[in-house]
Amino acid sequence: MHLPWIERLAIYTDSNYWDTLDAYHYVRLQPLDQSYDLLIVGGEDHKSGQATDTEERHHRLIDWASKRFPKGDIEFTWGGQSMETIDGLAFIGRNPLDADNVYVATGDSGMGNTHGTIAGMLLCDSFSAARIRGRPFIHLHAKHCVR
């Protein structure tokens, strides 16, 4: 949804917001220009490959957002896979089932912003002297990839 800049300043700080419903919903802003921000609305998640009601989920999100942000216009809709691991920890590190130079960062469970930052730190450390200095969490995620 496009939100006028002046309305954005009155409603939100630059943050992510979500509710605790099941299925949950979230909103965040993406600045477009000096006049408008794009309000990104998401949620209605489901396990990968276990739902066939994508259209209904999009309509529920649109209805939810329209009640809370009536001045916005819908620009796009999309869906994607939210890979979830059994224990909620992302798979980050060398892929033990592949060549020694193949690394993975997956299983974000919808927490891509957080896990992306962690993955950047862990993978960078895997290739640098920090590995030798012994950061205790470097291998935490990689060791649980295969049991």
Start with the C-alpha distance between L29 and L39, add both sets of side-chain angles, then the distance that settles side chain to side chain contact (heavy atoms under 4.5 Å, CB included), and finish with yes or no. CA-CA 5 Å; L29 292 169; L39 179 70; 3.7 Å; yes
Any side-chain heavy-atom pair from Y103 and L122 closer than 4.5 angstrom? no
Can you tell me if CD1 on I86 sees more than 12 non-hydrogen neighbours from other groups inside 6.0 Å? no
Rounded to the nearest 0.5 angstrom, the CD1-CD1 distance for I74 and I62 is 5.0 Å
Considering residues at least two apart in sequence or located in another chain, which fulfil the salt bridge (Lys or Arg N to Asp or Glu O under 4.0 Å) criterion with D53? R57, R60
Under the side chain to side chain donor-acceptor pair (under 3.5 Å) rule, collect the residues that match up with Y24, sequence neighbours excluded. D45
Considering residues at least two apart in sequence or located in another chain, which fulfil the side-chain contact (heavy atoms from CB on, under 4.5 Å) criterion with D98? N95, V102
Who are the salt bridge (Lys or Arg N to Asp or Glu O under 4.0 Å) partners of D100, not counting sequence neighbours? R94
Quick one: side-chain contact (heavy atoms from CB on, under 4.5 Å) partners of T54, sequence neighbours excluded? H58
Say you draw a straight line from CH2 of W64 to CG of L21; how long is it, rounded to the nearest 0.5 Å? 8.0 Å
With rounding to the nearest 0.5 Å, note down the distance linking CG in D63 to NZ in K67. 6.0 Å
